[in-house]
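Predicted model only: the values in this text are computed from it and were never measured.
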Amino acid sequence: VETIVTEPPVTEASIPEQCAFTWAYHDAPELSAKLDTAVKAINPAASGRAQLFGEDCVFADGHSTFGAMETDFYVRSPADDLTNEEAFGNWMAQVMPVITAIPREELQGNYGFVEFSFEKNETEHMIVRVPIQKYMNEAQGKTGAEVFRLFSVAP
């Protein structure tokens, strides 16, 4: 007995809908609120927020889906002196354990970074980006200027 298998004809309805991928950032309001509360507990003048980085898949009809690749964090802090590496590093050493203590299931995608923004005024500020995994691998037990220098990039 011979069995004949036939494929259904390919029609427009049987082709999966195509989308265009674009890099995208999406706010993470619940995680932002949690981080902001924790940061303000350390320094009431500081603030924190979380953001997801990934790709939007945008379909022809305009709707899109988002795929997170990593969770990033942003921490802003006032600073009187933009040369105080010891104080900046100590602040980073206080905040990073708050972030690394967030349960992994509350993060989307991989560990991203923490961007520390030290602000003297509107025009004078400094930004230091700390890759979370690098902090976990290399900064344990370090504080002050040692932490700052590990992650700062000389101008």
Compare all side-chain heavy atoms of [X] with those of [Y] and state whether any distance is below 4.5 angstrom.
X    : Y    : value
E70  : Y111 : no
N43  : V39  : no
W23  : D56  : no
V128 : F88  : no
V58  : F21  : no
M92  : Y135 : no
V98  : I42  : yes
C57  : F66  : no

Work out which heavy atom in [X] is nearest to a heavy atom in [Y]; give both atom names and the distance.
X    : Y    : value
I127 : S117 : CG1-OG, 4.1 Å
G112 : D72  : CA-OD1, 3.1 Å
K142 : E138 : NZ-O, 3.0 Å
K40  : A46  : NZ-O, 2.8 Å
A28  : L52  : CB-CG, 4.2 Å
F118 : L82  : O-CD2, 3.7 Å

Atom [atom1] in [X], atom [atom2] in [Y]: separation rounded to 0.5 Å?
X    : Y    : atom1 : atom2 : answer
E86  : D81  : CD    : CG    : 12.5 Å
E115 : Q51  : CD    : CD    : 9.5 Å
L31  : I102 : CG    : CD1   : 5.0 Å
F113 : T71  : CZ    : OG1   : 10.5 Å
D36  : R49  : CG    : CZ    : 11.0 Å
E106 : K34  : CD    : NZ    : 3.5 Å

Review point. With distance as the sole criterion, is a donor-acceptor pair present between the side chains of Q94 and N90 under 3.5 Å?
Key: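 Their side chains do not contain a donor-acceptor pair, so the 3.5 Å distance test is not met.
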Review point. Should V147 and Y74 be regarded as members of a common hydrophobic cluster, given that ILVMFWY residues are connected when their side-chain heavy atoms come within less than 4.5 Å of each other, either directly or indirectly?
Key: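 V147 does not cluster with Y74.
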Review point. Going by the angle between their ring planes, with limits at 30° and 60°, are F53 and Y25 parallel, tilted or perpendicular?
Key: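 Rings of F53 and Y25: tilted, as their planes differ by 30° to 60°.
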**Study point:** R76 atom CZ: more than 12 heavy-atom contacts under 6.0 Å
**Key:**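 Counting neighbours around CZ of R76, 12 or fewer heavy atoms of other residues, nucleotides or ligands fall under 6.0 Å, so no.
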Point to revise | Exceeds 12 heavy-atom contacts within 6.0 angstrom, atom CG of D80 | key: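 Open.
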Review point. Does the pair M69 and Q108 meet the rule for a side chain to side chain contact (heavy atoms under 4.5 Å, CB included), with working shown?
Key: CA-CA 7 Å; M69 296 170 66; Q108 292 187 38; over 6 Å; no
Practice item. In sequence, state the C-alpha distance, the side-chain angles, and the governing distance for F116 and M126, and then conclude on side chain to side chain contact (heavy atoms under 4.5 Å, CB included). Key: CA-CA 8 Å; F116 288 91; M126 179 178 33; over 6 Å; no
Exercise for review: Decide side chain to side chain contact (heavy atoms under 4.5 Å, CB included) for M96 and V130; before the verdict, give the C-alpha distance in whole Å, the side-chain angles of both, and the deciding distance to 0.1 Å.
Suggested key: CA-CA 9 Å; M96 289 304 296; V130 178; 3.9 Å; yes
Review point. Could you walk me through whether K120 and H125 pass the side chain to side chain contact (heavy atoms under 4.5 Å, CB included) check?
Key: CA-CA 6 Å; K120 186 171 182 178; H125 64 277; over 6 Å; no
